[in-house]
Each structure stands twice: as C-alpha cells, then as structure tokens.
Novice: 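Please read through the structure below; I'll follow up with questions.
Numbers here are sequence positions counted from 1. Order of listing sets the numbers, starting from 1, for every ligand and every atom in it.
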Amino acid sequence: MIQPAPRIQIVKKRSKNFQEVSLGYSKKITMEEARRCPQCSEPACREACPLGIDIPGFIRLLREGDALKALEKIQLDSYFAGVCGRICHAPCEASCILFKESAAVGIKQLERFASDHGRKKLSLFKKPHQAGKKIAVIGSGPSGLTAAAFLLKMGYQVTVFESFIYPGGVLFYGVPEFRLPNSVVNQDIASIKDLGADIRLATQFGKNVTLEELKQQDYRAVLLAMGSGGAYFFNIPGAHFGGVYFAEEILIEVNVYTHALIKRILGKKLGQHIAVLGAGQAALDCARVCVRLGKTVSIVHHGTEDEIGLLPDEREFAKEEGVRFEVLANPLEIMGNNDGFVSGLKCVRMDYADPDGKGDWALIPVPDSEFILDVDTIIIAAGHKVNEAVSLLFPKIKKTKRGLLKVDEKSQATSLPEIFAAGDLVEAHKYAVEAMASGKKAALALDGYLKNKV
Ligand SMILES: Cc1cc2nc3c(=O)[nH]c(=O)nc-3n(C[C@H](O)[C@H](O)[C@H](O)COP(=O)(O)OP(=O)(O)OC[C@H]3O[C@@H](n4cnc5c(N)ncnc54)[C@H](O)[C@@H]3O)c2cc1C
Ligand code: SF4
C-alpha cells in the first residue's frame with residue numbers, strides 16, 4: 001500500500017506555465033483515503049500537528065461527505081487550511097499509526113480537499129462580537145494573521161498593520177503561484193477578514209504608524225510579527241557584476257506580475273544560462289521559475305542533493321522540469337566580461353574527507369578540481385538575516401545571542417512592556433505551520449495577559 005499521490009499537471013505542460021502543479025485529490029480518492037483513517041482515540045497525528053488540528057474529526061466529516069463542516073472543524077485550530085493543504089511539511093503524516101505498517105493517511109491532501117470544496121459555502125460564517133480591548137498586530141504573514149484570527153475569535157478588536165501592498169507575508173510574495181496560488185492565500189485570509197480583521201496595507205510600522213500613536217489610540221498591546229530580515233549577501237568576489245540578483249527580487253516580481261508580464265519582464269531581464277547559489281526553498285523556487293521562462297538553470301550547492309529545498313516531492317518536481325543540481329560544488333568567484341556583466345561562475349568540487357584520520361569527516365575542496373560554469377546570470381539565494389529593523393525601532397529590546405527577539409517562553413512577551421512577538425522574528429522557523437503555531441500561542445498568551453489587566 002502506498003499513499004495515493006495527488007493529480008499533477010504533466011511535466012511538458014507545467015514546465016512552461018505558472019499554474020499550480022499539484023491538482024489535489026479527486027473526490028473518489030478523497031473518500032477512499034478518508035475511509036482509510038483508523039480514527040484513533042488518542043491520535044498521534046493531532047499531537048504532531050503544530051496547530052493541533054482535530055485530524056480524525058475533520059476526516060470523519062469528509063467521510064460523511066460534508067466538506068463545509070470539515071473545514072469548520074479545521075478552522076477551530078487553523079485559518080490556513082488552503083495554504084497548509086499545499087505547502088505544509090505535514091509532520092502529522094509521519095506520526096500516523098499507518099505510517100510504519102503501510103502508508104500514512106494523506107492528511108495534507110484531505111485538508112486541501114476540505115478547504116477547496118468546503119470554502120464555497122463558508123460565507124455562513126458568523127462574525128464574533130468585538131467589544132474587547134484593542135490590539136495591534138504588526139505584519140500580516142502567517143504568524144501575525146493567525147494571532148489576529150484567534151484574538152478576534154476571543155472578542156478583541158484587532159488591527160493588522162502591513163507594509164506591503166498585499167497581505168500574507170512570504171506566503172503571498174515569496175512562494176510562487178505554481179506551488180501556492182495567491183488566490184488560495186487570499187481565500188484563507190478572507191476567512192480572517194470575515195472574523196472582523198482590519199488589515200491596513202502599505203502601512204509601515206515605525207514610519208506610517210508609530211508606537212506612540214498606537215498608545216494614544218488606546219491599543220492595549222502590540223504583537224510584533226514582522227518576519228525575518230533582509231537577504232544574506234553571499235560573500236563572493238564578482239557579486240557586483242550586472243546580472244547578479246537576489247532570490248527575493250525575483251520571487252516578488254513573480255508574485256505581483258500577471259503570468260504574461262512575468263514572461264515579458266523577467267524573461268528579458270534574466271540571461272539564458274543561470275546559476276542559483278543556495279540550497280533553501282527560495283533557491284529551488286527561483287530555479288523552477290527560470291525553467292518556466294525557458295532558461296537553462298543549475299542550483300549550485302556545496303553539499304548534497306538531499307539538502308536542497310524543504311519538501312522532497314518539490315525537489316523531484318524540479319528535476320523532472322529540467323532544473324540541474326550541481327551539487328558538491330562550491331562557488332568561488334563570479335566572473336565578468338569587459339562590459340561588467342556576468343560571464344561565468346568559477347567553482348571547486350567538494351568531497352567528504354577525514355584529513356587527520358580522526359574520524360572528523362567534513363566537506364573539503366578536492367585539490368585541482370576547479371571548473372567554470374558557463375552562465376550569464378547569477379541568483380543569490382543564501383537565506384535571511386535576522387530582522388535588524390526591530391533593534392532600530394526599539395533600541396532597548398532584548399535579543400538572543402543569534403540576534404532573534406528574546407521572548408518569555410510562556411507569555412511571548414518581549415523585554416518591553418505590552419510588546420509581544422511571534423513568528424520568524426522570534427525563532428528562525430523553517431516551516432510556515434510553525435510560524436502559525438507561534439502566532440496562535442501568542443494570541444492565547446495575550447488573552448491571559450490582558451484578562452489579568454485592569
Ligand atoms: C521562498 C520561500 C518559500 C517557502 N516555502 C515554504 C514551504 O513550502 N513550506 C513551509 O512550510 N514554509 C515555507 N517557507 C517558510 C515560511 O514562508 C516562513 O516560515 C513564514 O512565512 C514566516 O512567517 P512570519 O509570519 O513570521 O513572517 P513573514 O511571512 O515574513 O511575514 C512578515 C510580514 O511582516 C511585514 N512587515 C515587516 N516589517 C514591517 C513593518 N515595519 N511594518 C508593517 N509590516 C511589516 C512583511 O511585509 C510581511 O508581510 C518559505 C519561505 C520562503 C522565503
Ligand atoms: S497543518 Fe500540517 S501538520 Fe497540521 S494537519 Fe495540516 S498538514 Fe498536518
């Protein structure tokens with residue numbers, strides 16, 4: 001027995017378009033898969049889900065053919081069923097009791113089905129009565145919006161301040177549409193708006209609205225959920241040449257342009273032969289964008305293939321689409337021509353070695369193994385720094401040794417009064433569902449704090 005795979009757009013088609021690759025389960029497979037759930041009385045899957053979704057509960061409702069009720073059940077614990085049904089790393093499935101004996105239930109795909117099919121009738125949702133204290137949430141990524149949703153449900157008045165022109169944080173402007181359509185992000189956010197969220201876009205905290213102003217307007221607490229900071233600069237000679245880009249600028253353009261404009265503008269801007277430096281999800285996403293623009297593209301990574309990206313199936317999709325993995329190759333220098341544009345990438349082969357014979361195996365350069373990749377464009381996808389903006393806004397706020405915001409583990413309170421924090425700002429979460437869980441935890445902690453305050 002293997003877990004049924006979702007329907008997928010065929011490679012020949014999908015490597016030329018920006019539409020969603022995975023099409024989810026059919027109704028028939030959904031029903032069969034829902035019936036496979038053993039309905040454990042102490043479900044390990046629920047324990048493993050960072051949001052604590054009642055997985056057997058929503059699957060039982062799906063089995064009864066009620067996608068709306070299944071979605072409502074999920075929304076008791078998560079407002080991002082459409083998002084998580086697509087990009088979650090699904091730790092729940094690794095804990096399913098069927099995982100070891102045959103194949104885990106396809107929980108993530110069932111969640112997606114509940115969201116895609118239940119949402120059609122979701123306008124029946126009742127807006128909670130909001131007379132409670134005012135709370136400001138800074139940042140509309142998964143952590144900020146999850147916190148906002150749970151605070152709204154508890155009756156608080158919540159305003160979310162977002163500097164970008166669209167809500168959703170990285171879910172909107174980072175993850176490309178062929179993995180997570182922005183219409184799906186917007187649908188999930190619509191449920192949070194239905195709860196009464198006032199989301200103020202293009203409003204940067206510190207510039208368009210200040211802490212002083214929030215206090216004057218009687219906001220009783222502020223939750224900082226501004227995500228991680230700017231991109232790491234890959235310290236490599238030649239990074240000043242024309243034709244060197246950061247992953248973020250490529251991904252933002254991909255997410256705000258129409259599909260036709262992406263092809264016209266990005267297709268022209270990028271050269272024909274591209275090297276992406278890095279191994280994270282942003283590197284994999286950029287490489288798959290380039291393939292769709294008809295480019296040849298290699299991900300250059302000093303380590304091994306299994307370190308690339310977050311989700312193994314996405315890695316396989318990328319390979320099928322034509323992304324090349326130049327692994328065990330360390331970039332040494334970006335080479336340029338007389339016009340100041342990229343003309344190649346000098347790399348050295350890497351291999352595991354134990355030079356002292358002490359068992360300290362490490363990746364080291366292979367002698368005399370330098371080679372040049374014939375590329376005219378480089379995309380740097382080396383991860384993110386910690387968010388420095390917070391230190392500028394709050395010079396006295398305490399940080400951890402790694403530069404993240406220091407918060408009390410239970411209350412999510414920062415070292416400053418009435419200021420709380422959640423998401424990637426507090427912990428370098430690898431996965432969106434962890435950032436959501438951090439937002440949910442902050443909302444419950446804030447409720448406890450405000451209830452005890454006169
Ligand atoms: C390219 C890419 C692909 C990814 N793919 C996956 C995946 O497939 N699966 C997965 O689980 N995780 C994935 N992740 C990780 C996941 O997206 C993050 O962990 C998550 O988005 C963090 O959520 P957050 O709310 O803390 O921050 P963010 O999503 O970064 O949101 C922070 C928000 O705060 C706003 N903001 C910042 N400063 C201010 C200010 N001063 N005033 C007002 N607003 C402000 C920002 O504009 C942003 O909207 C990916 C990440 C990247 C970069
Ligand atoms: S949010 Fe992720 S971990 Fe939780 S049930 Fe959905 S797929 Fe599983």
Novice: For atom 23 (O) of ligand 1, which protein heavy atom lies nearest, and how many Å away is it?
Specialist: Pro142 CG, 3.3 Å
Novice: Can you list the atoms of ligand 2 that are under 4.0 Å from a heavy atom of Cys92?
Specialist: 3 (S), 5 (S), 7 (S), 8 (Fe)
Novice: If you check every N/O/S atom of Glu111, which is the one nearest atom 6 (Fe) of ligand 2?
Specialist: OE1
Novice: Geometry only, no angles: is Asp285 polar-contacting ligand 1 at N/O separations under 3.5 Å?
Specialist: no
Novice: Under 2.8 Å from atom 2 (Fe) of ligand 2 - does any N, O or S atom of Cys84 fall there?
Specialist: no
Novice: Flag His89 as yes when one of its N or O atoms lies below 3.5 Å from any N or O atom of ligand 1, and as no otherwise.
Specialist: no
Novice: Does the N or O separation between Phe205 and ligand 1 drop below 3.5 Å for any pair?
Specialist: yes
Novice: Please state which protein non-hydrogen atom is closest to atom 9 (N) of ligand 1 and give its distance, to 0.1 Å?
Specialist: Ile87 O, 2.9 Å
Novice: Starting from atom 22 (C) of ligand 1, which protein heavy atom do you reach first, and at what distance in Å?
Specialist: Asp424 OD2, 3.2 Å
Novice: Please indicate whether any nitrogen or oxygen in Leu171 is less than 3.5 Å from any nitrogen or oxygen in ligand 1.
Specialist: no
Novice: Looking only at protein heavy atoms, which one is nearest to atom 36 (N) of ligand 1, and how far off is it?
Specialist: Ser163 OG, 3.7 Å
Novice: Please say whether Leu251 places an N or O atom under 3.5 Å from an N or O atom belonging to ligand 1.
Specialist: no
Novice: Looking only at protein heavy atoms, which one is nearest to atom 2 (Fe) of ligand 2, and what is the separation?
Specialist: Cys88 SG, 2.3 Å
Novice: To check your reading of the model: name the closest protein heavy atom to atom 17 (O) of ligand 1, its residue, and the distance in Å.
Specialist: Val170 CG1, 3.3 Å
Novice: Ile55 heavy atoms, cut-off 4.0 Å: which ligand 2 atoms fall inside?
Specialist: 5 (S)
